[in-house]
Amino acid sequence: MRHSRAGRGSQYDSGAVPELPEVDFVRRLLAPVMTGARVEALLVRRAKLRIPFPTGFEERLVGHTVTAVTRRAKYLLAALSSGETLIVHLGMSGWFRVERAAGPEFDAEPGETDDDPKHDHVVFRMSSGMLVTFNDPRRFGLMDLAARGELASHKALRDLGPEPLSPEFDATALARACHRRKTPIKVALLDQTVVAGVGNIYASEACFEARISPKRKASAIATSTGAPRPQAMALAAAVVKVLERAIAKPTARFKVYERAGTPCPRRTCDGTIRRIVQAGRSTFYCPVCQR
DNA sequence: ATTGAGACCTGTCGGC
DNA sequence: TGCCGACAGGTCTCAA
């Protein structure tokens, strides 16, 4: 029996780290299971993930009803009837598993799942009879609670740039955010204050889609006053395109990410995908068609 | 102010 | 075969 899972695993070969499309996938997995359901019980198996759980974590969750499951950047947000909001980040390796509770206790049905229960850090038992389990081998994930009215000012969210799939994100916004930056454009795309939710994979993919070299200076997509150049238009559109494509087709393979040495997927191009390191991270691109 | 490096963490993989 | 170091990467923190 295979439980539905998300964020990492079977739907995402190549072990991709969850970025915006994957987090949105998890949101769509959790929303129907949690929305309108009350947290009946909470099992916290570990004192902390990347940071300690907030004080009163269990009491602030148990007995309250989830009113909505949304997403901001790579954060999952579960609004509670108490007015508080549960904030979850999947980190590098986090994912959720949803299954029907076997009984009143937290019977994880060991042996019946192919997931390693060793890293099941938090389990929510919902009034709908479903168990929602957070599993994160590397423990780079995060769970926190924001009090009523304090979500927007929460440390994790307050400095985030525009949502790439919202009207706030366009060539003008991208150019403005980049126009004083000396870092390479691909590195700028990873900065969550520039655009929220893009990670290492889709930063490379977006540069490829826009035919822009990842090594190009970020400021080069804008004029000296911060107005968008054509490259800003292309890149903003490419960011939206690669994210929407990944959301629509989670199993699609990447065009350049982790494809060093393979031919450029652009038919009209005879280049070979290269891997370089920028700001300590792998970047994949085609040196022939990306300028 | 902007940028980079180090830390966090552990499963996986290449090399000896 | 087995051990071991390198590597992967999102975000925070600290330093230049």
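Because the structure is a prediction, the values reported are computed rather than measured.
The interatomic distance linking Arg138(A) (CZ) with dC9(B) (P) rounds to 13 Å, in whole Å. Atom NE2 in His119(A) sits about 13 Å away from atom P in dC9(B), given to the nearest Å. Between Lys48(A) atom NZ and dA7(B) atom C1' the separation is 11 Å, expressed in whole Å. As a whole-Å value, the separation of Phe140(A) CZ from dT10(B) P is 9 Å. Rounded to a whole Å, the CG atom of Leu160(A) is 12 Å from the C1' atom of dG10(C). At whole-Å resolution of the value, CD1 in Ile201(A) and C1' in dG9(C) are 9 Å apart. We find that CG of Asn135(A) is positioned 17 Å from P of dC9(B), with the value rounded to whole Å. As a whole-Å value, the separation of Arg139(A) CZ from dG11(B) P is 9 Å.
Nearest approach of Ala73(A) to Gln192(A), heavy atoms of both residues: CB-OE1, 4.4 Å. Shown here for Phe140(A) and Met92(A), the closest heavy-atom pair between the two residues is CD2-CG, 3.1 Å.
Side chain to side chain, Glu168(A) and Ser166(A) meet the donor-acceptor criterion of an N or O pair below 3.5 Å. For the residue pair Asp191(A)/Thr193(A), the side-chain donor-acceptor check at 3.5 Å is satisfied. Side-chain atoms of Lys118(A) and Asn135(A) include no donor-acceptor pair closer than 3.5 Å.
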Strictly under 4.0 angstrom, non-hydrogen atoms only: write out the protein contact profile of nucleotides 11-16 of chain C, one letter per nucleotide from the 5' end, B, S or -. BSS---
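Transitive grouping of hydrophobic side chains (ILVMFWY, heavy atoms separated by less than 4.5 Å) keeps Ile87(A) and Leu20(A) in distinct clusters.
Put simply, the side chain of Glu84(A) never gets that close to the backbone of Leu145(A): no donor and acceptor are under 3.5 Å apart. A donor-acceptor distance shorter than 3.5 angstrom exists from the side chain of Asn200(A) to the backbone of Ser282(A), with no hydrogens or angles considered.
Rounded to the nearest 0.5 angstrom, Leu157(A) CG and Arg72(A) CZ are separated by 7.0 Å.
Contacts with DNA chain B (heavy atom under 4.0 Å) in residues 170-184 of chain A: Arg181(A), Lys182(A), Thr183(A), listed by number.
The phosphate of dT10(B) has neither OP1 nor OP2 within less than 4.0 Å of any side-chain N or O from Ser93(A). OP1 and OP2 of dG10(C) both lie 4.0 Å or more from every side-chain N or O belonging to Tyr202(A).
Note that the two end axes of the helix from dT2(B)-dA16(C) to dC16(B)-dG2(C) enclose an angle of 50°, each drawn from 5 base pairs, rounded to 10 degrees.
Using a 4.0 Å heavy-atom cutoff across all strands shown, Arg275(A) reaches sugar-phosphate atoms only and no base atom.
A cation-pi arrangement, defined by a distance under 6.0 Å to the six-membered ring centre and an angle within 45 degrees of its axis, is present between Arg266(A) and Phe208(A).
No more than 12 heavy atoms of other residues, nucleotides or ligands shown are found within 6.0 angstrom of CZ on Arg180(A).
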